[in-house]
Amino acid sequence: MTKLRLFLIALAVVALIASHTFAYFWGYERGAHAEQTACQAAQIDQLNNLITGTAELTQQAGAASLALGKSINARKTADAKTTQEIRRALQATAPKRVTCVFDDGVMRIIEQAANAADQAATGGLNGDLPAGGETK
């Protein structure tokens, strides 16, 4: 064999090795990039789910806050009405109170107000509170 043939064979082998090396690293980089993209997509999906869940919880908290506000306002209105009724009844019987004589209507309203206050203190604004040591 001539030197030229040996040189051409060596050149072909070097070219073959170089092309396979290039193909290997090119494929490796593409595979790594594909895996990285898939991982990022999964993380983005998880974050989107978290954001959606947080938005739903925020809406639920807002609705609960509004319901609590309505309940508190209803309680304030009822308390103001009861207080006004007691004042009117007491004004009508002011002379009798000097001698500690109360009208039956006044006593009934005072008893109802005391019962409502007991209920609010032991039951909360929206229902019964758990007994000591219990959890809901």
Side-chain angles (χ1 to χ4, degrees):
M1 284 207 201
T2 66
K3 288 185 178 182
L4 180 61
R5 280 191 177 178
L6 286 177
F7 176 73
L8 289 176
I9 292 173
L11 185 63
V13 169
V14 168
L16 185 63
I17 291 172
S19 68
H20 280 85
T21 303
F22 172 76
Y24 170 80
F25 285 111
W26 180 74
Y28 179 82
E29 288 297 320
R30 284 192 60 171
H33 183 264
E35 286 300 313
Q36 185 179 26
T37 302
C39 181
Q40 286 175 348
Q43 289 176 344
I44 289 171
D45 286 343
Q46 288 177 347
L47 289 173
N48 285 334
N49 290 338
L50 179 64
I51 289 169
T52 301
T54 302
E56 290 172 0
L57 289 174
T58 301
Q59 289 175 348
Q60 291 174 0
S65 178
L66 287 175
L68 183 58
K70 287 178 183 179
S71 179
I72 289 171
N73 286 336
R75 179 79 256 156
K76 284 181 181 179
T77 301
D79 289 348
K81 181 180 176 188
T82 303
T83 300
Q84 187 62 26
E85 289 175 4
I86 291 172
R87 285 184 181 153
R88 285 185 192 141
L90 288 174
Q91 286 174 354
T93 61
K96 291 182 180 179
R97 280 186 282 123
V98 173
T99 59
C100 293
V101 176
F102 289 94
D103 182 65
D104 289 339
V106 171
M107 294 307 293
R108 194 169 31 257
I109 291 171
I110 290 172
E111 184 177 357
Q112 289 172 352
N115 289 340
D118 288 345
Q119 175 62 33
T122 60
L125 295 174
N126 289 326
D128 293 335
L129 294 174
E134 290 184 28
T135 59
K136 283 191 174 184

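Position 1 is the first residue of the sequence; numbering continues from there.
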(request) Check step by step if side chain to side chain contact (heavy atoms under 4.5 Å, CB included) holds for Ser71 and Arg75. (result) CA-CA 6 Å; Ser71 179; Arg75 179 79 256 156; 5.7 Å; no
Practice problem: Begin from the C-alpha positions of Asp79 and Lys76 and carry the test side chain to side chain contact (heavy atoms under 4.5 Å, CB included) through to its verdict. | Solution: CA-CA 5 Å; Asp79 289 348; Lys76 284 181 181 179; 5.7 Å; no
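The structure places CG of Leu6 at 12.5 Å from CG of Leu11, a figure rounded to the nearest 0.5 Å. If you take CD on Gln84 and CZ on Arg87, they are separated by 6.5 Å, rounding to the nearest 0.5 Å. Distance check, rounded to the nearest 0.5 Å: CG of Asp104 to CD1 of Ile109 gives 11.0 Å. Considering CG of Leu90 and CD1 of Ile110, their distance stands at 6.0 Å, rounded to 0.5 Å. Atom OG1 of Thr52 sits about 10.5 Å away from atom CG of Leu47, to the nearest 0.5 Å. To the nearest 0.5 Å, atoms CD1 (Ile51) and OG1 (Thr58) are separated by 11.5 Å.
Residue-environment remark: CD (Glu111) stays at or below the threshold of 12 foreign heavy atoms within 6.0 Å. By the 6.0 Å contact criterion, CD on Glu35 is open, its count of non-hydrogen atoms from other residues, nucleotides or ligands being 12 or less.
Listed for the Thr54 side chain is a donor-acceptor partner under 3.5 Å among the backbone atoms of Leu50.
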For residues 12-31, tabulate all N or O donor-acceptor pairs below 3.5 Å that involve a side-chain atom, not counting sequence neighbours.
residue	atom	partner	partner atom	Å
Ser19	OG	Ala15	O	3.3
Ser19	OG	Leu16	O	2.9
His20	ND1	Leu16	O	2.8
Thr21	OG1	Ile17	O	2.7

